[in-house]
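To start, the structure under review is shown below, and the notes come after it.
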Amino acid sequence: MIYITGDTHGNVDYNKLLTLKEKNLSYDDYLIICGDAGIVWSIYELEHFIRIYNDIGCTIIYIDGNHENFELLARFPLVEYHHALMHQIDKHIFHVLRGEIMVIDDKSFLCIGGAVSIDKGMRTPYISWWPEEEITYHDIDNALNNLEKVHFKVDYVITHCTDSKTVSKAFGFRKDICTEQLKFIDQQVDYKHWFFGHYHFDKVISPKKTCLYQNIVELK
């Protein structure tokens, strides 16, 4: 089975995952986290977070959010897994790079992490905030190159933030450089459903878009 949820922030929003432990999952089951997983945040807590996420009993794949230690994350080896480039954090924990398309159980997922931290003015650069949080043109170019190979058609889109139109209409928030970068998805990509996190809401935006936070969606 494949499950998708929103931000987990290390152990802050971890308890919602305890319901998955009751399902007796295996590593042939997958949990996709829509950014801000918080597993790779502090070198001092890394082993602890790897252990508690492994305790869930399934394979963990996450995109990056804005609250990530990108410097530490870049130290992990790059591997190709389910047709996508990922950092391998542990045997069954992976971080998928921006613009990659992974395929699990014949389902394809366009993955683009990143978002703008609205609280970065209160954070310390390279201690609690990293400029690599923002989606770049290179990230979008990678997505477009991979989409071209699949004729711009995927089953699912996984992002941290979402596009400017959705941000304004669904939440009343202002657009930013990252939400602007994601506008191409609705304009060019044929997809079944788009899941995202970041906004700390559980909300069905439309028949094709869902914001996740505490909820865990099981893909049928």
Side-chain angles (χ1 to χ4, degrees), residues 1-6 27-37 58-66 68 70 73-74 76-89 92-115 132-167 177-198 204-212 216-220:
M1 297 301 300
I2 301 173
Y3 301 89
I4 305 175
T5 192
Y27 292 115
D28 292 325
D29 298 304
Y30 298 85
L31 172 65
I32 299 171
I33 302 172
C34 296
D36 279 5
C58 65
T59 297
I60 308 288
I61 299 177
Y62 71 95
I63 62 171
D64 52 274
N66 51 303
E68 308 283 357
F70 289 96
L73 190 57
F76 288 89
L78 279 175
V79 298
E80 184 174 331
Y81 186 59
H82 289 294
H83 306 282
L85 280 176
M86 306 190 190
H87 287 114
Q88 184 165 11
I89 311 304
H92 300 291
I93 302 176
F94 298 85
H95 161 254
V96 58
L97 271 58
R98 297 176 188 174
E100 293 294 299
I101 298 174
M102 63 181 180
V103 180
I104 304 174
D105 295 343
D106 297 321
K107 298 178 178 67
S108 56
F109 300 81
L110 170 65
C111 301
I112 307 178
E132 292 90 341
E133 68 175 21
E134 293 186 1
I135 302 170
T136 67
Y137 290 111
H138 173 77
D139 299 330
I140 302 304
D141 283 343
N142 188 45
L144 292 172
N145 288 334
N146 286 321
L147 283 164
E148 188 174 8
K149 299 172 187 176
V150 295
H151 308 290
F152 287 83
K153 185 175 182 178
V154 293
D155 293 307
Y156 299 98
V157 175
I158 306 293
T159 62
H160 189 52
C161 62
T162 190
D163 63 289
S164 294
K165 183 178 180 180
T166 303
V167 163
I177 188 172
C178 291
T179 64
E180 285 289 282
Q181 292 278 36
L182 297 180
K183 291 195 302 184
F184 84 96
I185 295 175
D186 276 334
Q187 296 168 353
Q188 300 184 51
V189 182
D190 179 5
Y191 65 88
K192 294 179 182 178
H193 207 92
W194 182 346
F195 295 100
F196 58 93
H198 185 51
V204 176
I205 309 299
S206 73
K208 293 186 68 173
K209 288 183 183 178
T210 300
C211 182
L212 292 173
I216 301 174
V217 171
E218 179 182 331
L219 295 186
K220 303 297 183 181

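Sequence positions, counted from 1, serve as the residue numbers for this chain.
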Legend entry - Min side-chain heavy-atom separation Thr159-Ile135 under 4.5 Å: no
Inset, instruction - Sequence neighbours left out, what passes salt bridge (Lys or Arg N to Asp or Glu O under 4.0 Å) with Lys220? Give chain and number order. - result: Glu218
Legend entry - Contact check, side chains of Cys34 and Phe196, non-hydrogen atoms, under 4.5 Å: no
Inset, instruction - Applying side-chain contact (heavy atoms from CB on, under 4.5 Å), name anything that partners Ala143, two or more places apart in sequence or on another chain. - result: Leu110, Ile112, Phe184
Inset, instruction - Check salt bridge (Lys or Arg N to Asp or Glu O under 4.0 Å) between Lys208 and all other residues, then give those that pass, not counting sequence neighbours. - result: none
Inset, instruction - Sort and list the pairs that fulfil ring pair (Phe, Tyr, Trp, His ring centres under 6.0 Å) and have at least one residue in residues 137-156, not counting sequence neighbours. - result: Phe109-Tyr156
Legend entry - Tyr3: side chain to side chain donor-acceptor pair (under 3.5 Å) partners, not counting sequence neighbours: none
Legend entry - Heavy-atom side-chain contact between Trp194 and Asp163 under 4.5 Å: yes
Inset, instruction - Work out which heavy atom in Cys161 is nearest to a heavy atom in Cys178; give both atom names and the distance. - result: SG-CB, 3.8 Å
Legend entry - With sequence neighbours excluded, residues passing side-chain contact (heavy atoms from CB on, under 4.5 Å) with Val217: Phe195, Leu212, Leu219
Legend entry - Partner residues of His95 under the ring pair (Phe, Tyr, Trp, His ring centres under 6.0 Å) criterion, sequence neighbours left out: Tyr62, His87
Legend entry - Heavy-atom pair with the smallest gap, counting every atom of His193 and Ser206: CE1-O, 4.3 Å
Inset, instruction - Report the residues that fulfil side chain to side chain donor-acceptor pair (under 3.5 Å) with Glu134, sequence neighbours left out, ordered by chain and then residue number. - result: none
Inset, instruction - Return the set of residues passing side-chain contact (heavy atoms from CB on, under 4.5 Å) with Asn146 (not counting sequence neighbours), or none when no residue passes. - result: Glu100, Ile101, Asn142, Lys149
Legend entry - Min side-chain heavy-atom separation Leu73-Glu132 under 4.5 Å: no
Legend entry - Whether Glu68 side chain and Gly65 backbone form a donor-acceptor pair below 3.5 Å: yes
Inset, instruction - Go through the structure and list residues passing salt bridge (Lys or Arg N to Asp or Glu O under 4.0 Å) with Asp155, not counting sequence neighbours. - result: Lys192
Inset, instruction - Compute whether any side-chain donor of one residue and acceptor of the other, for Lys209 and Thr162, lie under 3.5 angstrom apart. - result: no
Legend entry - Any Met102 side-chain heavy atom under 4.5 Å of Ile32 side chain: yes
Legend entry - Thr136: partners by side chain to side chain donor-acceptor pair (under 3.5 Å), with sequence neighbours left out: Asp139
Legend entry - Non-hydrogen atoms of His83 and Glu80 that approach each other most closely: CA-OE2, 3.9 Å
Legend entry - Results of side chain to side chain donor-acceptor pair (under 3.5 Å) for Asp105 - residues two or more places apart only: none
Legend entry - Tyr30 side chain near His82 side chain, heavy-atom distance below 4.5 Å: yes
